[in-house]
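What follows is a short report on a single structure.
These numbers come from the heavy atoms of this one structure, side chains and all, not from hydrogens, waters or symmetry mates. To find a chain, count down the sequence lines: A is the first, B the second, and so on, and within it residues start at 1. Predicted, not measured: the structure shown is a model, and the values here were computed from it.
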Number of protein chains: 2
Amino acid sequence: MAMAYAALSTINEQADRRANAAATGCANCAARDLSVCGAMPSGDMSRVASIVSHRRADAGETLLSEGDKAMHFLNIVDVTVKVYKLLPDGRRQITGFLYPGDLLGLAFNDTYTSTVEALTPVKYCLFPRRQFERVVDEFRPMEKQLLARASNELVAAQEQMVMLGRKTAQEKIASFLMALLQRARRVNKASDSVVLTMTRSDIADYLGLTTETVSRGFTRLKTEGWIELCAGGKVRIRDTEALAELAAGADC
Amino acid sequence: MAMAYAALSTINEQADRRANAAATGCANCAARDLSVCGAMPSGDMSRVASIVSHRRADAGETLLSEGDKAMHFLNIVDVTVKVYKLLPDGRRQITGFLYPGDLLGLAFNDTYTSTVEALTPVKYCLFPRRQFERVVDEFRPMEKQLLARASNELVAAQEQMVMLGRKTAQEKIASFLMALLQRARRVNKASDSVVLTMTRSDIADYLGLTTETVSRGFTRLKTEGWIELCAGGKVRIRDTEALAELAAGADC
DNA sequence: TATATGCCCTGATTTTCGTCAACGCGGGAT
DNA sequence: ATCCCGCGTTGACGAAAATCAGGGCATATA
(Lines give C-alpha, C1' and ligand atoms only; values in the text may rest on other atoms or scores of the structure.)
Protein backbone atom coordinates (compact mmCIF):
# COMPACT_ATOMS: atom_id res chain seq x y z
CA MET A 1 0.00 0.00 0.00
CA ALA A 2 1.67 3.14 -1.20
CA MET A 3 1.30 6.41 0.62
CA ALA A 4 2.24 9.61 -0.99
CA TYR A 5 -0.29 12.30 -1.61
CA ALA A 6 -3.81 11.05 -1.76
CA ALA A 7 -6.06 8.16 -1.04
CA LEU A 8 -7.42 6.28 -3.98
CA SER A 9 -11.06 5.37 -3.94
CA THR A 10 -13.49 4.50 -6.64
CA ILE A 11 -16.25 7.00 -7.18
CA ASN A 12 -19.35 5.44 -8.59
CA GLU A 13 -20.55 6.64 -11.95
CA GLN A 14 -23.55 8.64 -10.77
CA ALA A 15 -21.45 10.57 -8.31
CA ASP A 16 -18.99 11.31 -11.03
CA ARG A 17 -21.61 12.63 -13.44
CA ARG A 18 -22.89 15.18 -11.02
CA ALA A 19 -19.48 16.26 -9.91
CA ASN A 20 -19.47 18.20 -6.65
CA ALA A 21 -22.81 16.74 -5.77
CA ALA A 22 -23.02 16.79 -2.02
CA ALA A 23 -25.45 14.17 -0.88
CA THR A 24 -25.18 10.64 -2.19
CA GLY A 25 -21.76 10.26 -3.84
CA CYS A 26 -19.37 9.51 -1.04
CA ALA A 27 -21.64 7.31 1.04
CA ASN A 28 -21.91 4.85 -1.83
CA CYS A 29 -18.31 5.13 -2.94
CA ALA A 30 -17.09 1.71 -3.96
CA ALA A 31 -13.68 2.33 -2.47
CA ARG A 32 -14.87 3.90 0.73
CA ASP A 33 -13.78 1.02 2.89
CA LEU A 34 -10.40 1.02 1.18
CA SER A 35 -9.75 4.66 1.84
CA VAL A 36 -9.58 6.85 4.91
CA CYS A 37 -13.25 7.56 4.42
CA GLY A 38 -13.88 4.08 5.81
CA ALA A 39 -13.28 5.54 9.26
CA MET A 40 -16.27 7.85 8.94
CA PRO A 41 -19.65 6.68 10.17
CA SER A 42 -22.08 6.42 7.25
CA GLY A 43 -24.29 9.09 8.69
CA ASP A 44 -21.47 11.60 8.62
CA MET A 45 -20.36 10.97 5.10
CA SER A 46 -22.27 13.97 3.91
CA ARG A 47 -19.72 16.01 5.84
CA VAL A 48 -17.03 14.55 3.61
CA ALA A 49 -19.18 14.83 0.52
CA SER A 50 -19.71 18.50 1.17
CA ILE A 51 -16.08 19.38 0.64
CA VAL A 52 -15.08 16.96 -2.08
CA SER A 53 -14.99 17.54 -5.79
CA HIS A 54 -14.59 14.78 -8.33
CA ARG A 55 -12.19 14.90 -11.23
CA ARG A 56 -10.85 12.75 -13.99
CA ALA A 57 -7.57 12.66 -15.82
CA ASP A 58 -6.33 10.94 -18.96
CA ALA A 59 -3.41 8.57 -19.06
CA GLY A 60 -0.16 10.49 -18.94
CA GLU A 61 -1.76 13.53 -17.39
CA THR A 62 -0.04 15.06 -14.37
CA LEU A 63 -2.31 15.38 -11.35
CA LEU A 64 0.13 17.42 -9.33
CA SER A 65 3.79 18.38 -9.52
CA GLU A 66 6.71 18.37 -7.14
CA GLY A 67 7.20 21.84 -5.74
CA ASP A 68 3.63 23.03 -6.28
CA LYS A 69 1.87 24.55 -3.32
CA ALA A 70 -0.09 21.82 -1.57
CA MET A 71 -3.57 23.26 -1.87
CA HIS A 72 -5.44 19.99 -1.93
CA PHE A 73 -5.57 16.58 -0.46
CA LEU A 74 -6.08 14.09 -3.24
CA ASN A 75 -8.06 10.97 -2.78
CA ILE A 76 -7.42 9.02 -5.89
CA VAL A 77 -9.86 6.72 -7.44
CA ASP A 78 -10.08 4.34 -10.31
CA VAL A 79 -7.02 2.42 -11.40
CA THR A 80 -3.42 3.51 -11.16
CA VAL A 81 -1.13 6.49 -10.87
CA LYS A 82 2.62 6.68 -10.46
CA VAL A 83 4.43 8.91 -7.98
CA TYR A 84 7.95 10.03 -8.76
CA LYS A 85 10.78 12.40 -8.02
CA LEU A 86 13.31 13.75 -10.49
CA LEU A 87 16.98 14.60 -10.22
CA PRO A 88 18.14 17.82 -11.93
CA ASP A 89 19.49 15.95 -14.94
CA GLY A 90 16.29 14.02 -15.49
CA ARG A 91 17.00 10.80 -13.70
CA ARG A 92 13.74 9.59 -12.27
CA GLN A 93 12.82 7.50 -9.26
CA ILE A 94 9.28 6.24 -9.02
CA THR A 95 8.54 5.96 -5.32
CA GLY A 96 5.26 4.15 -5.72
CA PHE A 97 2.30 3.10 -7.78
CA LEU A 98 -1.01 3.99 -6.17
CA TYR A 99 -4.17 1.94 -6.32
CA PRO A 100 -7.72 2.55 -5.11
CA GLY A 101 -7.69 3.03 -1.36
CA ASP A 102 -4.09 4.16 -1.17
CA LEU A 103 -3.30 7.34 0.61
CA LEU A 104 -1.35 10.34 -0.55
CA GLY A 105 0.53 11.49 2.53
CA LEU A 106 2.37 14.54 1.40
CA ALA A 107 -0.75 16.46 2.13
CA PHE A 108 0.84 17.38 5.44
CA ASN A 109 3.62 19.38 3.89
CA ASP A 110 3.33 22.82 2.43
CA THR A 111 4.45 21.89 -1.05
CA TYR A 112 4.14 18.59 -2.86
CA THR A 113 7.38 16.69 -2.74
CA SER A 114 6.64 14.37 -5.65
CA THR A 115 4.87 14.43 -8.96
CA VAL A 116 1.82 12.28 -9.52
CA GLU A 117 0.90 11.11 -13.01
CA ALA A 118 -1.96 8.95 -14.29
CA LEU A 119 -0.99 5.59 -15.79
CA THR A 120 -4.46 5.07 -17.20
CA PRO A 121 -7.54 7.27 -17.33
CA VAL A 122 -8.23 7.87 -13.67
CA LYS A 123 -10.92 9.32 -11.43
CA TYR A 124 -10.07 11.02 -8.21
CA CYS A 125 -11.44 13.07 -5.36
CA LEU A 126 -10.07 16.44 -4.45
CA PHE A 127 -10.32 17.83 -0.95
CA PRO A 128 -9.33 21.40 -0.25
CA ARG A 129 -6.55 21.04 2.23
CA ARG A 130 -7.82 23.28 5.02
CA GLN A 131 -11.30 21.86 4.90
CA PHE A 132 -10.00 18.33 4.90
CA GLU A 133 -7.93 19.07 7.96
CA ARG A 134 -11.01 20.43 9.65
CA VAL A 135 -12.92 17.24 8.93
CA VAL A 136 -10.04 15.21 10.33
CA ASP A 137 -10.14 17.38 13.44
CA GLU A 138 -13.81 16.68 13.88
CA PHE A 139 -13.57 12.94 13.44
CA ARG A 140 -10.93 11.46 15.65
CA PRO A 141 -11.10 7.96 14.10
CA MET A 142 -10.07 9.50 10.81
CA GLU A 143 -6.94 10.87 12.39
CA LYS A 144 -6.18 7.47 13.86
CA GLN A 145 -6.74 5.94 10.46
CA LEU A 146 -4.28 8.37 8.89
CA LEU A 147 -1.67 7.61 11.51
CA ALA A 148 -2.08 3.88 11.04
CA ARG A 149 -1.69 4.26 7.30
CA ALA A 150 1.35 6.46 7.64
CA SER A 151 2.88 3.86 9.91
CA ASN A 152 2.24 1.11 7.37
CA GLU A 153 3.65 3.27 4.62
CA LEU A 154 6.85 3.73 6.56
CA VAL A 155 7.24 0.01 6.90
CA ALA A 156 6.67 -0.38 3.17
CA ALA A 157 9.17 2.38 2.45
CA GLN A 158 11.80 0.56 4.48
CA GLU A 159 11.11 -2.60 2.55
CA GLN A 160 11.58 -0.61 -0.62
CA MET A 161 14.94 0.65 0.63
CA VAL A 162 16.14 -2.90 1.18
CA MET A 163 15.10 -3.71 -2.35
CA LEU A 164 16.77 -0.70 -3.92
CA GLY A 165 19.94 -0.94 -1.88
CA ARG A 166 20.62 -4.61 -1.54
CA LYS A 167 18.80 -6.76 -4.09
CA THR A 168 20.06 -7.83 -7.51
CA ALA A 169 18.23 -6.91 -10.70
CA GLN A 170 16.62 -10.32 -10.89
CA GLU A 171 15.54 -10.19 -7.26
CA LYS A 172 14.07 -6.73 -7.75
CA ILE A 173 11.95 -7.89 -10.64
CA ALA A 174 10.77 -10.93 -8.71
CA SER A 175 9.93 -8.72 -5.74
CA PHE A 176 7.95 -6.40 -7.95
CA LEU A 177 5.90 -9.22 -9.44
CA MET A 178 5.28 -10.79 -6.05
CA ALA A 179 4.10 -7.47 -4.63
CA LEU A 180 1.67 -7.10 -7.53
CA LEU A 181 0.50 -10.67 -7.07
CA GLN A 182 -0.18 -10.14 -3.39
CA ARG A 183 -2.19 -7.06 -4.23
CA ALA A 184 -4.16 -9.00 -6.84
CA ARG A 185 -4.85 -11.68 -4.25
CA ARG A 186 -6.33 -9.20 -1.83
CA VAL A 187 -9.05 -8.73 -4.44
CA ASN A 188 -9.19 -12.23 -5.91
CA LYS A 189 -7.84 -14.78 -3.49
CA ALA A 190 -6.87 -17.44 -6.03
CA SER A 191 -5.38 -15.16 -8.66
CA ASP A 192 -2.17 -16.32 -10.27
CA SER A 193 -1.64 -13.44 -12.66
CA VAL A 194 -1.05 -9.71 -12.62
CA VAL A 195 -1.61 -6.99 -15.20
CA LEU A 196 1.16 -4.52 -15.78
CA THR A 197 -0.47 -1.16 -16.41
CA MET A 198 2.90 0.57 -16.50
CA THR A 199 5.65 0.49 -19.13
CA ARG A 200 9.02 -1.22 -18.79
CA SER A 201 10.50 2.22 -18.33
CA ASP A 202 8.22 2.89 -15.38
CA ILE A 203 9.14 -0.43 -13.81
CA ALA A 204 12.82 0.35 -14.34
CA ASP A 205 12.47 3.72 -12.65
CA TYR A 206 10.68 2.05 -9.78
CA LEU A 207 13.33 -0.65 -9.31
CA GLY A 208 16.38 1.51 -9.91
CA LEU A 209 17.27 -0.26 -13.17
CA THR A 210 17.20 0.44 -16.90
CA THR A 211 14.46 -0.68 -19.28
CA GLU A 212 16.88 -3.08 -20.95
CA THR A 213 17.71 -4.81 -17.69
CA VAL A 214 14.03 -5.09 -16.81
CA SER A 215 13.25 -6.54 -20.21
CA ARG A 216 16.06 -9.07 -19.96
CA GLY A 217 14.93 -9.93 -16.46
CA PHE A 218 11.40 -10.75 -17.60
CA THR A 219 12.78 -12.79 -20.48
CA ARG A 220 14.95 -14.80 -18.15
CA LEU A 221 12.09 -15.53 -15.76
CA LYS A 222 10.10 -16.64 -18.78
CA THR A 223 12.77 -18.96 -20.18
CA GLU A 224 13.18 -20.44 -16.72
CA GLY A 225 9.47 -21.23 -16.87
CA TRP A 226 8.57 -19.23 -13.79
CA ILE A 227 6.33 -16.71 -15.52
CA GLU A 228 4.39 -16.40 -18.75
CA LEU A 229 4.00 -13.13 -20.66
CA CYS A 230 0.52 -12.84 -22.17
CA ALA A 231 -1.19 -10.19 -24.23
CA GLY A 232 -2.28 -6.89 -22.69
CA GLY A 233 0.55 -6.73 -20.22
CA LYS A 234 -0.77 -9.74 -18.35
CA VAL A 235 1.80 -11.85 -16.55
CA ARG A 236 0.90 -15.32 -15.32
CA ILE A 237 3.01 -16.56 -12.42
CA ARG A 238 3.66 -20.27 -12.98
CA ASP A 239 5.99 -20.95 -10.07
CA THR A 240 5.02 -18.81 -7.13
CA GLU A 241 7.37 -20.65 -4.79
CA ALA A 242 10.45 -20.04 -6.87
CA LEU A 243 9.55 -16.44 -7.54
CA ALA A 244 8.85 -15.77 -3.88
CA GLU A 245 12.15 -17.28 -2.86
CA LEU A 246 14.03 -15.21 -5.40
CA ALA A 247 12.16 -12.10 -4.28
CA ALA A 248 12.99 -12.72 -0.63
CA GLY A 249 16.68 -12.81 -1.46
CA ALA A 250 17.44 -16.36 -0.38
CA ASP A 251 21.08 -17.38 -0.61
CA CYS A 252 20.23 -19.34 -3.80
CA MET B 1 14.85 13.11 10.72
CA ALA B 2 14.52 9.36 10.73
CA MET B 3 11.42 7.63 11.95
CA ALA B 4 11.47 4.02 12.79
CA TYR B 5 10.76 2.80 16.26
CA ALA B 6 11.26 5.39 18.91
CA ALA B 7 11.80 9.00 19.57
CA LEU B 8 15.22 10.01 20.69
CA SER B 9 15.46 12.39 23.56
CA THR B 10 18.16 13.15 26.01
CA ILE B 11 17.42 12.26 29.56
CA ASN B 12 19.30 14.39 32.00
CA GLU B 13 21.70 12.73 34.36
CA GLN B 14 19.60 13.02 37.50
CA ALA B 15 16.63 11.45 35.84
CA ASP B 16 18.82 8.64 34.66
CA ARG B 17 20.20 7.92 38.11
CA ARG B 18 16.82 7.42 39.63
CA ALA B 19 15.47 5.38 36.78
CA ASN B 20 11.70 5.05 36.73
CA ALA B 21 11.44 8.09 38.90
CA ALA B 22 8.05 9.55 38.24
CA ALA B 23 8.08 13.19 39.04
CA THR B 24 10.88 15.38 37.75
CA GLY B 25 12.69 13.40 35.02
CA CYS B 26 10.63 13.96 31.91
CA ALA B 27 9.68 17.56 32.53
CA ASN B 28 13.35 18.53 32.55
CA CYS B 29 14.35 16.22 29.73
CA ALA B 30 16.88 18.01 27.56
CA ALA B 31 15.43 16.54 24.40
CA ARG B 32 11.82 17.06 25.31
CA ASP B 33 11.27 19.71 22.68
CA LEU B 34 12.92 17.51 20.09
CA SER B 35 10.70 14.54 20.78
CA VAL B 36 6.98 13.91 20.74
CA CYS B 37 6.93 14.81 24.40
CA GLY B 38 7.24 18.41 23.26
CA ALA B 39 3.54 18.31 22.46
CA MET B 40 2.64 17.72 26.09
CA PRO B 41 1.92 20.66 28.35
CA SER B 42 4.53 20.85 31.10
CA GLY B 43 1.94 20.28 33.77
CA ASP B 44 0.97 16.97 32.26
CA MET B 45 4.46 15.61 31.87
CA SER B 46 4.06 13.60 35.03
CA ARG B 47 1.54 11.54 33.10
CA VAL B 48 4.31 10.62 30.69
CA ALA B 49 6.84 10.19 33.45
CA SER B 50 4.54 7.74 35.20
CA ILE B 51 4.78 5.16 32.45
CA VAL B 52 8.36 5.60 31.31
CA SER B 53 11.40 3.66 32.35
CA HIS B 54 14.93 4.70 31.53
CA ARG B 55 17.56 2.40 30.14
CA ARG B 56 21.04 2.44 28.80
CA ALA B 57 22.84 0.29 26.27
CA ASP B 58 26.46 -0.13 25.27
CA ALA B 59 27.75 0.36 21.77
CA GLY B 60 26.90 -2.61 19.60
CA GLU B 61 24.07 -3.70 21.85
CA THR B 62 20.76 -4.52 20.18
CA LEU B 63 17.83 -2.57 21.59
CA LEU B 64 15.20 -4.54 19.73
CA SER B 65 15.08 -7.05 16.89
CA GLU B 66 13.09 -7.44 13.71
CA GLY B 67 10.28 -9.91 14.28
CA ASP B 68 10.08 -9.43 18.05
CA LYS B 69 6.69 -8.69 19.49
CA ALA B 70 6.30 -4.94 19.75
CA MET B 71 5.77 -4.62 23.47
CA HIS B 72 7.26 -1.18 23.88
CA PHE B 73 7.50 2.19 22.33
CA LEU B 74 11.08 3.33 22.46
CA ASN B 75 12.02 6.90 22.90
CA ILE B 76 15.70 6.97 22.32
CA VAL B 77 18.00 9.33 23.97
CA ASP B 78 21.62 10.22 23.90
CA VAL B 79 23.63 9.92 20.70
CA THR B 80 23.06 7.53 17.88
CA VAL B 81 21.53 4.19 16.94
CA LYS B 82 21.23 2.47 13.58
CA VAL B 83 18.08 0.83 12.25
CA TYR B 84 18.42 -1.99 9.76
CA LYS B 85 16.77 -4.88 8.01
CA LEU B 86 18.44 -8.10 6.88
CA LEU B 87 17.94 -10.37 3.90
CA PRO B 88 18.02 -14.13 4.57
CA ASP B 89 21.61 -14.45 3.38
CA GLY B 90 22.85 -11.66 5.59
CA ARG B 91 22.81 -8.71 3.24
CA ARG B 92 21.95 -5.69 5.32
CA GLN B 93 20.23 -2.41 4.57
CA ILE B 94 20.44 0.32 7.15
CA THR B 95 17.26 2.33 6.80
CA GLY B 96 18.32 5.12 9.07
CA PHE B 97 20.48 6.52 11.80
CA LEU B 98 18.52 7.97 14.67
CA TYR B 99 19.48 11.00 16.72
CA PRO B 100 17.95 12.62 19.81
CA GLY B 101 14.42 13.69 19.03
CA ASP B 102 13.87 11.23 16.22
CA LEU B 103 10.86 9.04 16.35
CA LEU B 104 10.60 5.29 16.08
CA GLY B 105 7.40 4.68 14.16
CA LEU B 106 7.10 0.96 14.02
CA ALA B 107 5.44 1.11 17.34
CA PHE B 108 2.13 0.93 15.50
CA ASN B 109 2.72 -2.55 14.17
CA ASP B 110 2.42 -5.76 16.15
CA THR B 111 5.99 -6.86 15.62
CA TYR B 112 9.10 -4.79 15.04
CA THR B 113 10.00 -4.70 11.39
CA SER B 114 13.60 -3.65 11.85
CA THR B 115 16.44 -4.17 14.26
CA VAL B 116 17.81 -1.26 16.27
CA GLU B 117 21.39 -1.27 17.47
CA ALA B 118 23.40 1.26 19.47
CA LEU B 119 26.32 2.90 17.67
CA THR B 120 27.66 4.38 20.87
CA PRO B 121 26.64 4.00 24.50
CA VAL B 122 23.08 5.25 24.48
CA LYS B 123 20.33 6.19 26.89
CA TYR B 124 16.72 5.70 26.01
CA CYS B 125 13.20 5.79 27.36
CA LEU B 126 10.93 2.82 27.21
CA PHE B 127 7.15 3.17 27.14
CA PRO B 128 4.95 0.12 27.47
CA ARG B 129 3.02 0.11 24.24
CA ARG B 130 -0.56 -0.01 25.56
CA GLN B 131 0.08 2.65 28.12
CA PHE B 132 1.75 4.89 25.61
CA GLU B 133 -1.24 4.53 23.32
CA ARG B 134 -3.49 5.52 26.16
CA VAL B 135 -1.47 8.66 26.78
CA VAL B 136 -1.67 9.51 23.09
CA ASP B 137 -5.43 9.03 23.26
CA GLU B 138 -5.66 11.44 26.14
CA PHE B 139 -3.54 14.16 24.58
CA ARG B 140 -4.72 15.00 21.13
CA PRO B 141 -1.75 17.27 20.28
CA MET B 142 0.52 14.31 20.78
CA GLU B 143 -1.36 12.38 18.14
CA LYS B 144 -1.08 15.32 15.77
CA GLN B 145 2.61 15.49 16.50
CA LEU B 146 3.01 11.82 15.65
CA LEU B 147 1.14 12.25 12.40
CA ALA B 148 3.23 15.24 11.41
CA ARG B 149 6.41 13.33 12.13
CA ALA B 150 5.24 10.30 10.21
CA SER B 151 4.48 12.57 7.28
CA ASN B 152 7.96 14.05 7.39
CA GLU B 153 9.48 10.62 7.66
CA LEU B 154 7.69 9.54 4.52
CA VAL B 155 9.11 12.46 2.62
CA ALA B 156 12.57 11.57 3.90
CA ALA B 157 12.04 7.94 2.95
CA GLN B 158 11.20 8.97 -0.61
CA GLU B 159 14.33 11.06 -0.76
CA GLN B 160 16.25 8.01 0.37
CA MET B 161 14.69 5.95 -2.41
CA VAL B 162 15.89 8.44 -5.01
CA MET B 163 19.35 8.18 -3.55
CA LEU B 164 19.41 4.40 -3.46
CA GLY B 165 17.84 3.92 -6.85
CA ARG B 166 19.27 6.67 -8.98
CA LYS B 167 22.43 8.20 -7.60
CA THR B 168 25.99 7.11 -8.30
CA ALA B 169 28.33 5.97 -5.54
CA GLN B 170 30.01 9.35 -5.41
CA GLU B 171 26.70 11.18 -5.29
CA LYS B 172 25.48 8.92 -2.51
CA ILE B 173 28.49 9.68 -0.38
CA ALA B 174 28.14 13.40 -1.00
CA SER B 175 24.45 13.21 -0.10
CA PHE B 176 25.26 11.40 3.10
CA LEU B 177 27.81 14.01 4.16
CA MET B 178 25.50 16.87 3.26
CA ALA B 179 22.67 15.34 5.29
CA LEU B 180 24.97 15.04 8.29
CA LEU B 181 26.17 18.59 7.80
CA GLN B 182 22.64 19.92 7.72
CA ARG B 183 21.88 18.08 10.93
CA ALA B 184 25.01 19.52 12.53
CA ARG B 185 23.93 22.96 11.44
CA ARG B 186 20.59 22.66 13.13
CA VAL B 187 22.57 22.52 16.36
CA ASN B 188 25.49 24.77 15.49
CA LYS B 189 24.59 27.11 12.67
CA ALA B 190 28.10 27.79 11.39
CA SER B 191 29.43 24.25 11.62
CA ASP B 192 31.52 23.05 8.72
CA SER B 193 32.32 19.58 9.97
CA VAL B 194 30.59 16.37 10.93
CA VAL B 195 31.59 13.44 13.13
CA LEU B 196 31.07 9.95 11.78
CA THR B 197 30.01 7.79 14.70
CA MET B 198 29.42 4.83 12.42
CA THR B 199 31.89 2.58 10.60
CA ARG B 200 32.52 2.52 6.85
CA SER B 201 30.59 -0.72 6.78
CA ASP B 202 27.56 0.98 8.34
CA ILE B 203 27.77 3.80 5.84
CA ALA B 204 28.02 1.28 3.02
CA ASP B 205 24.94 -0.59 4.21
CA TYR B 206 23.10 2.70 4.45
CA LEU B 207 24.03 3.81 0.93
CA GLY B 208 23.71 0.45 -0.79
CA LEU B 209 27.44 0.18 -1.48
CA THR B 210 30.45 -1.79 -0.20
CA THR B 211 32.95 -0.58 2.37
CA GLU B 212 35.64 -0.44 -0.30
CA THR B 213 33.58 1.81 -2.53
CA VAL B 214 32.77 4.08 0.41
CA SER B 215 36.42 4.27 1.37
CA ARG B 216 37.48 5.07 -2.19
CA GLY B 217 34.72 7.66 -2.39
CA PHE B 218 35.98 9.48 0.70
CA THR B 219 39.53 9.33 -0.62
CA ARG B 220 38.47 10.83 -3.92
CA LEU B 221 36.58 13.67 -2.24
CA LYS B 222 39.70 14.28 -0.18
CA THR B 223 42.10 14.34 -3.14
CA GLU B 224 39.72 16.68 -4.92
CA GLY B 225 40.08 18.96 -1.90
CA TRP B 226 36.39 19.01 -1.07
CA ILE B 227 36.69 17.37 2.32
CA GLU B 228 39.33 16.75 4.94
CA LEU B 229 39.51 13.58 7.06
CA CYS B 230 40.55 14.36 10.61
CA ALA B 231 41.09 12.24 13.70
CA GLY B 232 38.16 10.73 15.57
CA GLY B 233 36.01 10.27 12.51
CA LYS B 234 35.70 13.99 12.05
CA VAL B 235 35.18 15.22 8.50
CA ARG B 236 35.67 18.84 7.63
CA ILE B 237 33.75 20.00 4.57
CA ARG B 238 35.97 22.42 2.66
CA ASP B 239 33.81 23.01 -0.40
CA THR B 240 30.17 22.93 0.59
CA GLU B 241 29.04 24.23 -2.79
CA ALA B 242 30.73 21.50 -4.77
CA LEU B 243 29.62 18.79 -2.38
CA ALA B 244 26.03 20.02 -2.39
CA GLU B 245 25.96 20.09 -6.17
CA LEU B 246 27.31 16.58 -6.40
CA ALA B 247 24.81 15.41 -3.79
CA ALA B 248 21.91 16.96 -5.64
CA GLY B 249 22.80 15.01 -8.76
CA ALA B 250 23.49 17.91 -11.06
CA ASP B 251 24.37 16.93 -14.62
CA CYS B 252 28.06 17.55 -13.79
C1' DT C 1 -2.17 1.67 -47.88
C1' DA C 2 1.95 3.78 -46.45
C1' DT C 3 4.38 6.11 -42.71
C1' DA C 4 5.53 7.31 -38.18
C1' DT C 5 5.90 6.55 -33.31
C1' DG C 6 6.19 4.26 -29.00
C1' DC C 7 7.16 0.14 -26.68
C1' DC C 8 9.59 -4.06 -26.13
C1' DC C 9 13.24 -7.12 -27.00
C1' DT C 10 18.05 -8.52 -28.06
C1' DG C 11 23.06 -8.20 -29.03
C1' DA C 12 27.74 -6.01 -28.47
C1' DT C 13 30.50 -3.19 -25.73
C1' DT C 14 31.73 -0.34 -21.80
C1' DT C 15 31.77 1.13 -17.17
C1' DT C 16 30.92 1.15 -12.59
C1' DC C 17 31.07 -1.06 -8.74
C1' DG C 18 31.79 -5.49 -6.29
C1' DT C 19 35.05 -9.15 -5.08
C1' DC C 20 39.34 -10.82 -3.58
C1' DA C 21 43.56 -9.93 -1.43
C1' DA C 22 46.97 -7.57 1.12
C1' DC C 23 48.76 -4.13 4.33
C1' DG C 24 49.01 -0.53 8.05
C1' DC C 25 47.28 1.21 12.10
C1' DG C 26 45.45 1.54 16.78
C1' DG C 27 43.27 -0.28 20.79
C1' DG C 28 42.42 -3.99 23.88
C1' DA C 29 43.71 -8.31 25.93
C1' DT C 30 47.04 -11.45 27.62
C1' DA D 1 55.69 -5.48 25.38
C1' DT D 2 53.54 -8.64 22.19
C1' DC D 3 49.81 -10.43 19.99
C1' DC D 4 45.30 -9.92 18.00
C1' DC D 5 41.55 -8.24 15.84
C1' DG D 6 38.70 -4.85 13.81
C1' DC D 7 38.79 -1.00 10.90
C1' DG D 8 40.27 1.68 7.01
C1' DT D 9 42.76 1.93 2.81
C1' DT D 10 44.56 0.51 -1.63
C1' DG D 11 45.37 -2.39 -5.75
C1' DA D 12 44.20 -5.95 -9.20
C1' DC D 13 40.64 -8.29 -11.21
C1' DG D 14 35.92 -9.73 -12.46
C1' DA D 15 31.03 -9.43 -12.94
C1' DA D 16 26.64 -7.23 -13.09
C1' DA D 17 24.30 -3.85 -15.02
C1' DA D 18 24.49 0.42 -17.97
C1' DT D 19 25.13 2.16 -22.44
C1' DC D 20 24.90 2.05 -27.31
C1' DA D 21 22.67 0.29 -31.25
C1' DG D 22 19.38 -1.96 -34.02
C1' DG D 23 15.17 -4.44 -35.16
C1' DG D 24 10.26 -6.11 -34.70
C1' DC D 25 5.57 -5.24 -33.67
C1' DA D 26 1.49 -2.81 -32.71
C1' DT D 27 -1.15 1.24 -32.80
C1' DA D 28 -1.89 5.78 -34.38
C1' DT D 29 -1.68 9.23 -38.32
C1' DA D 30 -1.57 10.88 -42.97
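- Here B/Thr168 lies in heavy-atom contact (under 4.0 Å) with sugar-phosphate atoms only.
- When heavy atoms are screened at a 4.0 angstrom cut-off, B/Ile203 is found touching no nucleic acid atom at all.
- One can place CZ of A/Arg200 at 15 Å from P of D/dA18, the figure rounded to the nearest angstrom.
- Here C/dC17 is the nucleotide among D/dT9, C/dC17, C/dC9 with the atom lying nearest to any side-chain atom of B/Thr213.
- Within 4.0 Å (heavy atoms only), A/Thr210 reaches at least one base atom of the nucleic acid.
- Nucleotide D/dC7 holds its P atom 12 Å from the CG atom of B/Leu119, rounded to whole Å.
- One can place NZ of B/Lys222 at 7 Å from P of D/dT9, the figure rounded to the nearest angstrom.
- Looking at heavy-atom distances under 4.0 Å, B/Thr211 makes no contact with the nucleic acid at all.
- Among the protein residues, A/Gly208 comes within range of the sugar-phosphate backbone only, with heavy atoms under 4.0 Å from sugar or phosphate atoms but none that close to a base.
- Each of B/Leu181, B/Val214, B/Leu196, B/Val194 was checked for a side-chain contact (heavy atoms from CB on, under 4.5 Å) with B/Phe176, and the lone residue meeting it is B/Leu196.
- Side chains of B/Leu207 and B/Thr213 form no contact here, defined as non-hydrogen atoms less than 4.5 Å apart.
- Rounded to an integer number of Å, the gap from CD1 of B/Ile173 to P of C/dC17 is 9 Å.
- Listed candidates were C/dC8, C/dC17, D/dG8. Nearest to the side chain of B/Thr199 is D/dG8.
- Side-chain contact check for B/Thr240 versus B/Asp192: every heavy-atom pair is 4.5 Å or farther apart.
- Put simply, CG on B/Asp89 is 11 Å from P on C/dT19, counting in whole angstrom units.
- Rounding to whole angstrom units, CZ of residue B/Arg220 and C1' of D/dG8 are separated by 19 Å.
- The CZ-C1' distance, from A/Phe218 to C/dC7, rounds to 14 Å in whole Å.
- Residue contacts shown for B/Leu196 are absent, as no nucleic acid heavy atom lies under 4.0 Å away.
- The base of D/dG11 lies close enough to the side chain of B/Arg216 for a donor and an acceptor atom to sit less than 3.5 Å apart.
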May I have the step-by-step check of side-chain hydrogen bond (donor to acceptor under 3.5 Å, both in side chains) for A/Lys167 and A/Ser175, ending in yes or no? CA-CA 9 Å; A/Lys167 288 190 184 173; A/Ser175 301; 3.0 Å; yes
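- Relative to the side chain of B/Ser215, the nucleotides C/dT10, C/dC8, D/dG8 differ in distance, and D/dG8 lies closest.
- Side-chain atoms of B/Glu212 come within donor-acceptor range of the base of C/dC20, with a qualifying N/O pair under 3.5 Å.
- Heavy atoms only, all atoms of each residue included: B/Met198 and B/Tyr99 are closest at CE-OH, 4.1 Å.
- Residue A/Leu209 contributes atom CG, which lies 15 Å from atom C1' of C/dT16 at whole-angstrom precision.
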